J.: 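This is the structure I want to talk about, given as structure tokens.
So that the names make sense, note that chain A is the first sequence line, chain B the second, and so on, each numbered from 1. Bear in mind the structure is a predicted one, so any value in this text is a computation, not a measurement.
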Amino acid sequence: MTGDPGTSQVNVQDTRLGHADRGFVGKIIRLDALVTGSSLSPQELEQRLVEMGFVEGARVEILHEGTIRRDPIAVRVDNITIALRRSEAMAVIVE
Amino acid sequence: MTTASLRLALVGAPNTGKTSLFNRLTGSTQKVANYPGVTVERKSGGFVTPEGRSVTVLDLPGTYSLRGRSPDEEITRDIVLGRFDGEAVPDLVLCVADATNLRLTLRLVLELKRVGRPMMLVLNMIDIAKRRGVTIDLDRMSQELGLPIVTAVAVRKGGVDELLKRTDEFLATSHQAAASEWTTPTIADLKAAQREADRIIAAAVTLPTKPDTLTNRIDSVVLHPVWGLVILAVILFVMFQAVFTWAQPAMELLSDGFAALGQLIHDLLPASWGLLQSFLQNGLISGVGSVIVFLPQIIIIFLFILLLEDFGYMARAAFLMDRIMGGAGLHGRAFIPLLSSFACAIPGIMATRVIDNRRDRLTTILIAPLMTCSARIPVYTLIISAFVPATTLWGFVNLQGLVMFGLYAAGITSALTVSAVAKFFLWRDHAPAPFMLELPDYKMPRLRSIAIGVFNRAKMFLYRAGTTILSMMVLIWFLASFPQAPTGAEGPAINYSFAAMIGHALEPLLRPIGFNWQIAVALIPGMAAREVAVAALGTVYSIEGGKEAADQIGQVLAQKWTLATALSLLVWYIFAPQCASTLAVIRRETGGAKWMVVTFIYMLTLAYAASFLTFNLAQALGLH
């Protein structure tokens with residue numbers, strides 16, 4: 001896995017939290033940090049997301065959106081609220 | 001174990017009330033310093049247990065894990081692991097958790113356990129948890145974690161009694177630290193730890209069926225795409241009103257007080273002791289006084305910052321501003337430091353510590369001095385009132401006010417431009433740092449905690465005024481006083497001093513921007529603090545001090561300068577690195593002279609270019 005979006009396994013049917021609208025409620029299926037617009041390395045991004053409570057099975061809800069391009073977003077992850085940019089939220093696959 | 005005191009360290013995730021607990025335990029015994037070689041605050045204090053044992057407490061920087069992503073977090077990791085030079089390994093680690101929000105902290109607890117130090121878990125804010133209907137089976141949790149647990153309400157008097165009692169019990173028995181099994185966790189480790197934490201929570205904690213909705217209700221207004229920004233603007237407006245209006249009486253009182261003290265010293269000493277008289281009155285008292293005058297503003301600005309922080313609003317402000325600031329290449333968290341810089345760049349630059357990405361932090365430090373700090377106000381006011389007529393435009397706009405507003409706007413615009421340029425040239429190859437932070441539940445600010453915080457900031461400010469700034473003042477007084485005027489010399493004594501020599505030497509350089517040698521001379525003491533230039537101009541034009549001095553200086557300047565020169569000096573003050581203390585703080589905060597030099601050169605270049613343009617344009621337009 002080199003991280004090249006052309007060769008990595010990207011399932012087009014995946015719903016990514018970074019694409020979801022305000023009011024979205026779902027559950028985290030897995031993290032996939034390979035193809036995001038984040039400046040962090042995939043490994044670092046995944047670690048940070050896990051540290052903030054984004055783990056498989058957690059319930060997520062988009063509570064608020066920023067003014068410009070609806071970014072960043074405030075996400076309820078189980079019982080805490082995390083603010084993050086949509087580019088980082090792309091790593092969170094939800095259903 | 002009667003003489004050596006127990007070393008206790010507080011560890012916890014951000015927003016767990018760790019600082020409140022620290023304040024409750026140590027009260028006024030706190031010492032705030034820096035860890036050697038880094039700019040991370042070291043907060044320590046002490047207390048005596050009910051059975052009379054003395055305990056020292058170290059408040060370690062908040063962290064979600066021991067990975068050490070930022071300098072702060074590395075300190076926490078290294079001290080807990082006993083790897084930090086000059087800091088003894090703690091005898092007991094107190095891991096502080098927010099009882100209403102255990103998920104992230106319990107994972108940290110599991111990670112800390114691997115370090116093997118004797119440890120106790122403190123469930124803070126247990127009162128809020130109970131009120132919300134969270135019930136925690138302490139025995140079960142303690143058994144699952146294999147750790148003693150105490151509950152605490154750090155913000156309430158007596159809320160830490162149980163913790164004190166348990167500390168005594170801990171001391172009464174001997175403890176051995178186990179060997180550390182800690183290694184940097186991998187993603188798999190983190191996930192496993194989170195699953196284990198979630199399992200323990202499921203086993204020991206009953207969450208209320210109805211979650212807390214108050215925070216959510218407040219947020220639906222405060223984080224609203226439109227109303228959120230309106231509310232932020234209103235808060236900022238009130239803050240500015242407070243900083244500039246409420247502080248005024250106290251500042252005048254201080255400045256009159258220092259003037260009176262200087263006069264008293266002057267009158268008490270015999271005239272033959274002229275040099276000592278001048279040193280005490282002009283060097284020491286008026287020099288340090290001119291900086292201490294800003295204490296009321298510093299107190300008010302930190303009062304607001306700490307109140308908003310405690311309430312939980314600061315993270316929201318960063319959320320609202322992230323994208324807007326991002327347009328200029330700034331991080332959402334840069335908002336508060338830049339805001340503080342309107343009072344004074346020094347607390348602003350100190351506040352950049354909340355930005356964990358080094359590049360973002362440097363950009364913020366670079367542009368903070370461009371925000372119109374309150375020390376510029378006396379200079380702006382003097383020149384505007386002397387040169388700009390108080391006419392009313394369009395029936396309601398005061399021309400003087402408009403010029404003042406223009407100077408502020410110019411400062412902000414240039415700061416954003418510099419940031420965008422820095423991003424483009426220095427850090428073009430780096431994508432923007434991520435923005436990821438917890439939005440804590442709102443809670444009522446606690447006055448005691450706020451008071452301690454404000455007190456510590458004020459103390460740091462005064463300490464600096466008493467050391468760095470004082471020595472700078474003495475140097476500048478020396479430059480302005482030596483060599484002394486020969487007997488029978490005409491004109492003010494400063495004209496014979498080193499300051500005048502430097503001023504004269506600089507004059508050819510400053511002539512293209514319309515400055516005469518008197519301005520050049522006044523700019524030198526102005527390096528100590530911008531507003532000192534006002535008094536220095538008075539000295540150079542040999543005006544006796546006193547309450548009406550400022551008005552008189554204005555009248556003299558209006559006769560001696562052209563409008564072009566006055567405008568040029570105003571523009572100079574927007575950009576010029578005219579504050580030695582700010583430069584000193586940049587040097588300290590960036591850990592070296594490099595960025596201080598960069599700041600100095602870029603600001604000087606901007607100032608010179610802008611003043612040159614202004615002066616020549618004004619002359620071409622025939623403004624005399």
J.: Looking only at heavy atoms and a cut-off of under 4.5 Å, which of A:G53, A:G66, A:G57 has the most pairs with chain B?
T.: A:G53

J.: So what's closer than 4.5 Å to chain B heavy atoms on A:Q47: side chain, backbone, both or neither?
T.: both

J.: Only one of A:R48, A:R85, A:E51 forms a side-chain contact (heavy atoms from CB on, under 4.5 Å) with B:M436, so which one is it?
T.: A:R48

J.: Sort B:E438 into side chain, backbone, both or neither according to what part of it lies under 4.5 angstrom from a heavy atom of chain A.
T.: both

J.: Between A:L63 and chain B, with a heavy-atom cut-off of 4.5 Å, which part of the residue counts as in contact: side chain, backbone, both or neither?
T.: side chain

J.: If you round to the nearest 0.5 Å, how far is CG of A:D78 from CG of B:N101?
T.: 10.5 Å

J.: Report the distance from atom CG of B:L207 to atom CG of A:N79, rounding to the nearest 0.5 Å.
T.: 6.0 Å

J.: Is the shortest side-chain N to carboxylate O distance from A:E44 to B:R67 below 4.0 Å?
T.: yes

J.: Heavy-atom distances under 4.5 Å only: say whether B:L190 touches chain A with side chain, backbone, both or neither.
T.: both

J.: Out of B:N216, B:L439, B:V222, which one pairs with A:H64 under the side-chain contact (heavy atoms from CB on, under 4.5 Å) rule?
T.: B:N216

J.: Check whether A:Q43 gets within reach of chain B through its side chain, its backbone, both or neither, counting any heavy atom under 4.5 Å.
T.: both

J.: After noting the C-alpha distance and the side-chain angles of B:R323 and A:T67, does the key distance pass the side-chain contact (heavy atoms from CB on, under 4.5 Å) rule?
T.: CA-CA 8 Å; B:R323 209 53 209 244; A:T67 313; over 6 Å; no

J.: Please classify the contact between B:D219 and chain A as side chain, backbone, both or neither, with a heavy-atom cut-off of under 4.5 Å.
T.: both

J.: Less than 4.5 Å to any heavy atom of chain B: does that hold for the side chain of A:V77, its backbone, both, or neither?
T.: both

J.: Contact between A:V55 and B:R195 at the side-chain level, heavy atoms closer than 4.5 Å - yes or no?
T.: no

